Amino acid sequence: MKGNITFTMIKPDATGKNLTGKILSMITEAGFTIRALKMTRLSKEQAEGFYAVHKDKPFFNDLVKFMTSGPVVAAILEKENAVESFRALIGATNPANAAEGTIRKLYASSVQENAVHGSDSDENAQIEASYFFSNLERF
Ligand code: CMP
């Protein structure tokens, strides 16, 4: 059965362009319910931990630098088939390949500065949600 939870972060490029409200609005308009929400700035260690699966990629150091360059807005979102549904809403990792009307097509500027993160599996959604939020912060 597909899970009903996904995890997202609005990344520093988008918070820096004052797009947080517009992006959250697109998310709720698409039928997601916000179950947890916070604005925070990642430390180097926190960003490295979150993206540990990419630690051998050539873009890892730049990604950590970017993700610590300003605040992020993290959220847990609920909707039926949340992971797949949210990935359709945000579009392809590289905005050049993202479908019209998706968040990344509208607001991302490059494959790195791509405005939002979305979990890629139910398992990672749970791991990422727990990385950012305690049980007391989840509703
Ligand atoms: P995200 O969905 O958060 O997951 C990993 C992130 O690494 C991705 O979004 C991009 O921000 C970044 N990323 C993925 N591929 C590349 C790439 N080829 N070059 C630079 N950054 C990348």
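Note that ligands are numbered from 1 as they come in the structure, with each ligand's atoms numbered from 1 the same way. For reference, positions follow the sequence shown, starting with 1. Note that the coordinates shown come from a computational prediction; the quantities given were computed from them, not determined experimentally.
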Query - Aromatic ring proximity, centroids under 6.0 angstrom, Tyr51 and Phe60 - result: no
Looking at [atom], what's its closest protein heavy atom, distance included?
atom	result
atom 3 (O) of ligand 1	Tyr51 OH, 2.6 Å
atom 10 (C) of ligand 1	Val111 O, 3.2 Å
atom 9 (O) of ligand 1	Lys11 NZ, 2.9 Å
atom 17 (C) of ligand 1	Phe59 CD2, 3.4 Å

Gln46 vs Thr40 side-chain heavy atoms within contact, under 4.5 Å: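 Gln46 vs Thr40: side chains apart.
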Side chain proximity check, Val83 to Asp120, heavy atoms < 4.5 angstrom:
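Heavy-atom side-chain distance check fails, nothing below 4.5 Å.
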For ligand 1, which part of [X] has a heavy atom less than 4.0 Å away: the side chain, the backbone, both, or neither?
X	result
Phe66	neither
Asn114	side chain
Arg104	side chain
His54	side chain

Verify whether one side chain among Asn114 and Lys11 offers a donor that lies under 3.5 Å from an acceptor in the other.
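The criterion, which ignores hydrogens and geometry beyond distance, is satisfied for Lys11 and Asn114.
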Checklist line | Sequence-distant partners of Phe132, ring-ring contact (aromatic ring centres under 6.0 Å, His included), two or more places apart | finding: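 Phe132 satisfies ring-ring contact (aromatic ring centres under 6.0 Å, His included) with Phe7, Phe50 only.
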For Thr93, is at least one N or O under 3.5 Å away from an N or O on ligand 1?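 N/O-N/O distance under 3.5 Å: no.
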Is Phe133 reachable from Tyr131 through a run of I, L, V, M, F, W or Y residues, each pair having side-chain heavy atoms under 4.5 Å apart? yes
The complete set of salt bridge (charged side-chain N to carboxylate O under 4.0 Å, His left out) pairs with one or both residues in residues 28-48, sequence neighbours excluded, reads Arg35-Glu78, Lys38-Glu137, Lys44-Glu48
Ligand 1 to His117, heavy atom cutoff 4.0 Å, flagged ligand atoms 1 (P), 2 (O), 3 (O)
